Number of protein chains: 2
Amino acid sequence: MSAKSLDTDTEHLIKETAKRVFFTEGRFNATTQEIADAAGVNRTLINYYFRSRNNLFEIVFQDAQIQEHDLMEKIIFSNLSFKEKISQHLDTFFEQTKKYPYLEIYMVTQMNQGNCYKDKEHMNMLLDKFYLEVAVEMEKGNIDKMRPEQFVLNFVSLMSFPVSMRPLLQETMGFNNESYDKLLEERKDVIMNTLFIK
Amino acid sequence: MSAKSLDTDTEHLIKETAKRVFFTEGRFNATTQEIADAAGVNRTLINYYFRSRNNLFEIVFQDAQIQEHDLMEKIIFSNLSFKEKISQHLDTFFEQTKKYPYLEIYMVTQMNQGNCYKDKEHMNMLLDKFYLEVAVEMEKGNIDKMRPEQFVLNFVSLMSFPVSMRPLLQETMGFNNESYDKLLEERKDVIMNTLFIK
DNA sequence: GAAATGTTTGACAAAAATGTCAAATAAATT
DNA sequence: AATTTATTTGACATTTTTGTCAAACATTTC
């Protein structure tokens with residue numbers, strides 16, 4: 001039981017499928033039937049393992065939070081230089097968003113439906129540490145002077161928006177999948193140049 | 001009939017309420033009952049005026065597109081200098097997003113559910129015109145050199161992301177409503193400084 | 001002010017989605 | 001191999017949401 005393959009563990013399969021439907025495909029109001037179909041299992045197994053649809057959704061939401069959180073933690077507690085931290089984080093982020101492009105949008109829609117974010121305390125501690133580093137870089141003249149919070153907003157905006165909003169941006173800007181992928185690949189350099197003073 | 005007040009025109013009231021529920025409150029899977037309640041009308045009036053829930057949603061989606069479109073057109077066909085165009089657009093955008101912060105996210109979730117964007121042709125024409133202006137500014141040395149498309153991505157990202165993702169960002173960054181509002185107010189200057197070379 | 005038209009309402013029907021259960025099957029334990 | 005336990009299934013019940021309709025009401029038109 002403990003050595004059971006994760007691939008065939010139905011509970012795990014359902015959860016991963018739900019994540020795929022939400023975070024990868026962005027179908028935020030998929031029904032339990034649709035998720036069950038996508039997982040290739042009987043719908044009532046969702047009730048067996050998760051009791052209710054709501055419960056499954058809450059668990060998936062928590063998972064999403066942890067994922068965001070871990071990514072954040074990784075960048076802050078590495079002992080790279082500031083610039084390298086940013087650079088590294090861009091790599092991990094773009095890697096992760098290939099799998100789950102709609103993770104952040106999902107969280108927003110959930111929060112707008114009354115679901116709320118947990119573990120603010122710890123996150124704040126991480127951020128305060130980061131703000132200090134940002135301030136140091138400003139003193140050194142490596143980045144423009146502004147409130148560190150604004151730098152963080154710039155950073156996450158430049159990084160996330162083109163991914164999260166891809167359907168809208170790709171369509172309005174007249175790209176096809178291939179050319180938009182290319183655009184995204186080029187973004188790392190663009191972002192580094194935008195954030196740091198040459 | 002033609003001179004009827006728009007405030008009491010039920011059809012109009014329902015549509016505006018739906019927009020409020022979706023774009024202002026971000027409750028993307030509100031039921032027809034919830035929308036009717038929010039509008040203070042009988043639910044079946046939605047069927048009377050819009051035939052089906054789906055039809056209402058499509059109409060609202062179209063409205064959203066037109067709104068985005070008009071905003072885009074405004075900036076491009078003004079005869080201000082490039083920098084003033086950007087500046088002006090930031091003002092209009094922030095003004096608009098006070099009313100409809102979740103308009104863009106709504107469009108993305110709709111598109112992920114199979115709804116698709118219309119009128120690409122015209123939008124492309126607008127963008128091409130804008131790309132040319134961007135290129136000129138780069139030549140002049142007012143903005144960093146990059147593909148004009150990347151400049152547009154930077155621009156919209158810096159502008160939209162902190163608004164669209166507000167629930168997530170505000171929570172994770174530990175702001176309250178008031179302090180986040182303040183942060184947003186400061187953003188115009190930050191964005192101008194980030195986009196333009198001093 | 002009577003007839004015609006447009007609007008609103010509640011009762012009901014239909015559809016869609018979720019949840020429950022007992023029986024069937026499979027797996028583990030003795 | 002028999003028994004216990006865990007998993008899976010389909011049939012059914014419940015709940016939620018949407019759509020229809022005729023009657024009530026209001027407004028306009030003649």
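On a predicted model such as this, the values are computed, not experimentally measured, just so you know. The figures that follow rest on heavy atoms only: side chains count, while hydrogens, waters and symmetry mates do not.
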Legend entry - Distance, rounded to the nearest Å, where B/L56 contributes CG and D/dT17 contributes C1': 15 Å
Inset, instruction - Could you tell me which residues satisfy ring-ring contact (aromatic ring centres under 6.0 Å, His included) with A/Y117, sequence neighbours excluded, listed by chain and number? - result: none
Inset, instruction - Can you tell me which residue pairs pass the salt bridge (charged side-chain N to carboxylate O under 4.0 Å, His left out) test with a partner in residues 139-160 of chain A, sequence neighbours excluded? - result: A/E137-A/K140, A/E139-A/K145, A/D144-B/K198, A/R147-A/E149, A/R147-B/E186
Distance-only donor-acceptor pairs under 3.5 Å for side chains of residues 62-75 of chain B, two or more places apart:
| from | atom 1 | to | atom 2 | distance (Å) |
| --- | --- | --- | --- | --- |
| B/D63 | OD2 | B/K19 | NZ | 2.8 |
| B/H69 | NE2 | B/H122 | ND1 | 3.2 |

Inset, instruction - At under 4.0 Å between heavy atoms, which parts of nucleotides 9-23 of chain C does protein reach? Answer with one letter per nucleotide, 5' to 3': B base, S sugar-phosphate only, - none. - result: BBB-----SBBB---
Inset, instruction - Using the test ring-ring contact (aromatic ring centres under 6.0 Å, His included), find all partners of B/F50 that sit at least two apart in sequence or belong to another chain. - result: none
Give the table of side-chain donor-acceptor pairs shorter than 3.5 Å for residues 157-169 of chain B, with sequence neighbours excluded, one pair per line with atom names and distance.
| from | atom 1 | to | atom 2 | distance (Å) |
| --- | --- | --- | --- | --- |
| B/S157 | OG | B/L153 | O | 2.6 |
| B/S160 | OG | B/E104 | OE1 | 3.1 |
| B/S160 | OG | B/E104 | OE2 | 3.3 |
| B/S160 | OG | B/V156 | O | 3.4 |
| B/S164 | OG | B/S160 | O | 3.1 |
| B/R166 | NE | B/Q170 | OE1 | 2.8 |
| B/R166 | NH1 | B/D181 | OD1 | 2.9 |
| B/R166 | NH2 | B/Q170 | OE1 | 3.1 |
| B/R166 | NH2 | B/N177 | O | 3.1 |
| B/R166 | NH2 | B/D181 | OD1 | 3.4 |

Inset, instruction - May I have the distance from B/D37 (atom CG) to D/dT17 (atom P), rounded to whole angstrom? - result: 11 Å
Inset, instruction - Whole angstrom is fine here: how far is it from CD1 in B/I14 over to C1' in C/dT7? - result: 11 Å
